[in-house]
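The following block contains the structure, expressed as C-alpha cells.
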Amino acid sequence: MRIPFVAGNWKMNKTVAEARELVSTMGAGLKAVKGVEKVICPPYVSLLAVANLLGGTDIGLGAQNMHWEEKGAFTGEVAPAMVKELCKYVILGHSERRQYFGETDETVNKRVLAAQKHAIIPIVCVGETLDENKSGQTAEVVRRQTLGALQGVDADFAPSLVIAYEPVWAIGTGLASSGDNAQHVHGQVIRPVLVELFGPETAEKIRILYGGSVTGANAAEFFSQPDVDGALVGGASLKDDFVAIAQAAAA
Ligand code: 13P
C-alpha cells in the first residue's frame with residue numbers, strides 16, 4: 001500500500017516572517033493528520049526558518065528546485081548538498097520552470113539524477129499544456145516527460161520517487177481536472193511507464209500525485225481514485241485549506 005502524500009508548493013509567495021506565521025498557524029492542524037506524508041515547500045530563503053519550526057514534527061520540508069552541479073560559478077543557483085542539509089524533498093521539473101525558465105526533459109533529468117546521488121526525494125512534475133490537451137497529445141507528452149525525467153534512475157532508488165501529474169491548464173485556474181481524467185493519466189500513462197522502467201513491483205510502490213486547483217472541497221474526488229496517491233497543492237497550500245486537503249488524504 002502506498003502512503004498518501006500531500007505537498008504544498010508555496011511558489012514565490014511569503015516572506016520569511018510570513019512563512020513563519022503560516023507554519024505556526026497551520027502546523028498544529030497538519031500535525032494532527034496521521035497516516036499521510038505531509039510536506040511544505042517554501043521559497044529557498046525561508047527553508048532554514050521553516051526547518052527550525054518543523055524540527056521534531058512529522059511534517060517534511062522540500063525545496064522548489066535545485067541545480068544539478070555540485071558547486072561553483074552558477075550565480076543564483078542552489079546545489080544539491082545545500083538542499084540536502086535542510087530538506088528531505090525537492091520539486092523538480094515544475095511546468096512553471098519549464099515554461100518561464102527554459103527547463104527541458106534533459107535538464108530535469110540531470111536534476112533528478114543529482115537528487116538520487118544526494119538521496120533527496122524528488123517530486124517530479126509532468127503535465128500537458130492546454131494546446132497539447134486539446135490536440136489529443138496528453139498521453140504522448142506525459143509519457144515523454146516521465147521517461148525523459150527518469151532516465152538512469154536506479155531500481156533501488158525508484159520506490160522513493162514521487163511523480164506529480166499537473167496539467168498546465170489546471171494550475172492556478174480553478175479549473176481542476178476531473179478525478180476520472182487524473183485516474184486515466186496516472187493509471188494508463190504514468191504507471192505503465194514506471195512498469196517499463198522499473199518493473200511492476202517497484203512501479204506499484206511509486207506515489208503519483210495530482211496537482212492543479214486542488215482544494216479542500218475537491219480533494220476527496222481525487223483521493224478516491226486508485227492511482228491518485230496524493231496531491232501537489234499550490235494556492236490552497238497558503239491557507240488552512242491545506243489542512244483540509246491533508247485530512248481528505250487521510251480519510
Ligand atoms: P494550484 O494548486 O494553485 O493550481 O497550483 C498547482 C501547482 O502548480 C502545484 O505545484
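Keep in mind that what you see is a predicted model, and the values were worked out from it rather than measured. Ligands are counted one by one from 1 in listed order, and the atoms in each one are counted from 1 as well.
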### Message
Given 3.5 Å as the limit, does a donor-acceptor pair link the side chain of Asn52 with the main chain of Ala49, or not?
### Response
no

### For atom 5 (O) of ligand 1, the protein heavy atom that lies nearest, with its residue and separation
Lys11 NZ, 3.2 Å

### Task
With heavy atoms of Ala170 as the reference, note each atom of ligand 1 found under 4.0 Å away.
4 (O)

### Query
Any N/O of Gly212 closer than 3.5 Å to an N/O of ligand 1?
no

### Task
Before signing off on this row, confirm whether Gly172 and ligand 1 have an N or O atom pair separated by under 3.5 Å.
yes

### Query
What is the minimum heavy-atom distance between Lys11 and Pro43, and which atoms define it?
O-CG, 3.4 Å

### Task
Could you tell me the residue and atom name of the protein heavy atom closest to atom 9 (C) of ligand 1, and the distance to it rounded to 0.1 Å?
Glu166 OE2, 2.9 Å

### Query
Mind checking whether His94 has an N or O less than 3.5 Å away from an N or O of ligand 1?
yes

#### Entry: N or O pair under 3.5 Å between Glu96 and ligand 1
no

### Query
At the 4.0 Å heavy-atom cut-off, does Ala236 count as touching ligand 1?
no

## Note on the structure
Nearest non-hydrogen protein atom to atom 3 (O) of ligand 1, with distance, is Gly235 N, 2.8 Å

### Query
Can Ser237 be said to touch ligand 1, with heavy atoms closer than 4.0 Å?
no

### Query
What is the ring orientation for His67 with Phe74, classed by angle as parallel under 30°, tilted 30 to 60°, or perpendicular over 60°?
tilted

### Query
Does Glu69 come within less than 4.0 Å of Lys110, counting only side-chain N to carboxylate O?
no

### Query
Under a 4.0 Å N-O cut-off, is there an ion pair linking Arg2 with Glu37?
no

### Query
Going by side-chain heavy atoms closer than 4.5 Å, which hydrophobic residues are tied to Phe5, directly or by a chain of links?
Val39, Tyr89, Ile91, Ile121, Ile123, Val162, Leu209, Leu232

### Message
If the condition is salt bridge (charged side-chain N to carboxylate O under 4.0 Å, His left out), which residues does Glu140 pass it with, not counting sequence neighbours?
### Response
none

#### Entry: Any donor-acceptor pair under 3.5 Å from Gln145 side chain to Gly127 backbone
yes

#### Entry: Part of Asn9 with heavy atoms under 4.0 Å of ligand 1, whether side chain, backbone, both or neither
side chain

### Query
Is the backbone N or O of Glu96 less than 3.5 Å from a side-chain atom of His94, with the two atoms forming a donor-acceptor pair by type?
yes

## Note on the structure
The atoms of ligand 1 lying under 4.0 Å from a heavy atom of Leu232, numbered in the order shown, are 9 (C), 10 (O)

### Nearest protein heavy atom with distance in Å, relative to atom 2 (O) of ligand 1
Gly234 N, 2.9 Å

#### Entry: contact_flag Ser213 ligand 1 heavy-atom lt 4.0 Å
yes

